[in-house]
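Notes follow the structure.
By convention here, the first residue in the shown sequence is residue 1. What's counted below: heavy atoms across the whole structure, side chains too, no hydrogens, waters or symmetry copies.
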Amino acid sequence: MGGDMAQFADMLHRFADMIGAQGQGGASGGPLNWDLAKNIARHQVVEQGDPSIVDAERRQVEEALRLADLWLDEGTTLPAGIRSPKAWSRSEWIEQTLPVWAKVCDPIASRMVESMGGALGGAGEMPAEMQAMAGPLIGMVKQMAGAMVGGQAGQALGALAREVTGSADVGLPLAPDGVGALLPAGVEAFGSGLEVSEDEVRLYLALREAAHQRLFAHVPWLRAHLLGAVEEYARGITVDLSGIEQAVQGLDLSNPEAIQEALGGEIQLQPEETPRQKAALARLETTLALVEGWVDTVVNEVAQGRLPESVKLAEAVRRRRATGGPAERTFATLVGLELRPRRLREAAALWRTLTEVRGAQGRDAVWEHPDLLPTADDLDDPDGFVHGREIEGLSDLDLTNLTTAAEEDGPADSAGKPDEKPEDKPDDEPDDPGEGAGPGGEGPRS
């Protein structure tokens, strides 16, 4: 394999710090060492500045979240979902949201580790005897692959932590149950250059956070529906290893620096173009768009008249999405998914129309069951969803006439006939059809 055993042992020794506890799969026991990912993400945010939350900031965030819930009581029938308002630093955001990220990312991480381990280990090209001898080496290569994927996940989460303003920026239920959180550093960064007071920016973002938490807390099927859709989509992702395979061809394994440089590139994810994969993508994008569109509709309606700069703040949120916000980049890095802002605008238009026609109660009733939710086709035709589309062949049928006719005919008996005697039936004819009839009521008895 190149190099003598002494050099190879030295290489393994120099990789020991990087691999660490990867052999145990980290604390979660999954394919990816999330302890390593967490440490890399936290190091990344601390390196660029992550001050601790002071008491004044904590009080400001808690008061903003409580006031936001009070205002939202007038804009939606869903009750408050925040029991514990929190102010998080960026490091705390990483710590608190990591369990959900692990669940979302483990399916694709497992595929990455297996694919990369096979490519780097070259087990398929070895005779059986050599595979047995190289077993520990191949295991070490898979550990290295897991560490690489963990490093990439950590870098993505570290970058995301520097952009988010709360726990629900990406539209997923990342916070623990009953927790709503804002990041004071993220709120300040969001308001930079807007020429809007920091209190108003904080309150607008608190409205968005509180609205998300109402959905996640009181739509019981939504959490599993969203996370299940992400996991199903991730299972259909293939890993493009062509760049890594090209980098490691002819690589001298006795040179750790060269190996680290060759494996330092970003892993490319490619979605499979299968009907199942397309259906999973459509379901996921539609549900995420509906969540964000509902939040936009409710928050902007509540903020109007209360926050003088609410229109400017709503436009800032839209620009952030249109230029590729944190959700798009993180999903693209971790599960190969990019959200389309166009779907979000269409979803918001549908919720606004639904509010105008049915009111807040009729709008929010759509969340009672997943089968009631608009589909991707409904986003293309919101008026058809709100007012009801004509069914081909039934456009001339007036169901109210059928109901009226049934009421005029009177109540029906168990056989489905009106409960009245025919005019030509003798008054003394027995009610029992068996009397005066043969067996089974067929004809007269002999």
Side-chain angles (χ1 to χ4, degrees), residues 28 30 32 34 37-38 41 78 81-82 86 88 90 92-109 153-154 156-183 186 205 208-235 237 269 280-296 298-299 317 320-321 324-341 343-344 347-348 367 370 373:
S28 65
L32 193 153
W34 283 102
K38 179 177 68 176
L78 295 179
I82 299 177
K86 300 289 185 182
W88 284 346
R90 288 167 173 145
E92 287 174 318
W93 180 89
I94 294 170
E95 186 83 29
Q96 295 294 327
T97 64
L98 200 67
V100 177
W101 285 119
K103 184 176 182 180
V104 169
C105 300
D106 271 348
I108 189 61
L157 292 178
L160 180 60
R162 293 194 56 80
E163 297 184 7
V164 295
T165 62
S167 74
D169 283 35
V170 299
L172 292 178
L174 297 176
D177 289 343
V179 173
L182 290 181
L183 283 67
L205 295 175
R208 295 187 57 82
E209 176 73 12
H212 277 101
Q213 298 308 326
R214 289 187 179 224
L215 277 181
F216 298 147
H218 298 292
V219 181
W221 53 267
L222 182 58
R223 183 180 295 264
H225 183 83
L226 275 172
L227 298 180
V230 175
E231 292 176 30
E232 182 179 352
Y233 179 80
R235 291 191 187 98
I237 295 290
L269 308 179
L281 175 60
R283 180 163 67 99
L284 176 57
E285 287 185 331
T286 300
T287 306
L288 286 170
L290 289 171
V291 169
E292 291 301 297
W294 183 88
V295 169
D296 279 357
V298 173
V299 167
V317 171
R320 198 171 183 227
R321 291 192 189 122
E328 289 86 350
R329 287 195 293 273
T330 300
F331 279 150
T333 301
L334 297 180
V335 295
L337 172 67
E338 292 184 4
L339 300 179
R340 291 176 294 172
R343 297 275 87 184
L344 303 180
W367 292 106
L373 275 188

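- Rounded to the nearest 0.5 angstrom, L290 CG and L226 CG are separated by 10.0 Å.
- For the pair P176 and Q96, the tightest heavy-atom approach, listed with the atom from each and the gap, is CG-OE1, 3.7 Å.
- Taking CG of L182 as the reference point, atom CH2 of W88 lies at 10.0 Å (rounded to 0.5 Å).
- R90 pairs in a side chain to side chain contact (heavy atoms under 4.5 Å, CB included) with only one of the listed residues (L160, V164, L183), which is L183.
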For a side chain to side chain contact (heavy atoms under 4.5 Å, CB included) check, start with the C-alpha distance between L373 and T286, then their side-chain angles and the critical distance, and finish with the verdict.
CA-CA 9 Å; L373 275 188; T286 300; over 6 Å; no
Verdict with supporting geometry, L227 and V104, side chain to side chain contact (heavy atoms under 4.5 Å, CB included)
CA-CA 7 Å; L227 298 180; V104 169; 3.8 Å; yes
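- Between T97 and L172 there is no side-chain heavy-atom pair separated by less than 4.5 Å.
- Annotation: the span from L174 atom CG to H212 atom NE2 amounts to 10.0 Å, rounded to 0.5 Å.
- Of the possible polar contacts, none joining the W101 side chain to the L157 backbone as a donor-acceptor pair under 3.5 Å is found.
- In this structure, NZ in K38 is found 12.0 Å from CH2 in W34, a value given to the nearest 0.5 Å.
- Rounded to the nearest 0.5 Å, atoms CG (L344) and CG (D296) are 7.5 Å apart.
- With a 4.5 Å cut-off on side-chain heavy atoms, L222 and V291 count as touching.
- Residues satisfying the side chain to side chain donor-acceptor pair (under 3.5 Å) criterion with H218, sequence neighbours excluded, are absent altogether.
- Looking at every heavy atom in both residues, E292 comes nearest to G171 through OE2-CA, 3.5 Å.
- Checked by atom type and distance alone, the side chain of E209 pairs as donor or acceptor with a backbone atom of S167 at under 3.5 Å.
- Although no hydrogens or angles enter the test, the distance criterion places no donor-acceptor pair under 3.5 Å between the side chain of R343 and the main chain of A289.
- Residues forming a side chain to side chain donor-acceptor pair (under 3.5 Å) with T165 (at least two apart in sequence, or on another chain): D169.
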Going through the distances and angles, do W294 and V299 end up as a side chain to side chain contact (heavy atoms under 4.5 Å, CB included)?
CA-CA 8 Å; W294 183 88; V299 167; over 6 Å; no
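- The nearest pair of heavy atoms linking P173 to V100 is O-CG2, 3.6 Å.
- Residues R208 and V317 meet the side-chain proximity criterion, which asks for heavy atoms closer than 4.5 Å.
- In this structure, CZ in R320 is found 6.5 Å from CD in E163, a value given to the nearest 0.5 Å.
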Could you please spell out the steps behind the side chain to side chain contact (heavy atoms under 4.5 Å, CB included) verdict for K86 and E92?
CA-CA 10 Å; K86 300 289 185 182; E92 287 174 318; over 6 Å; no
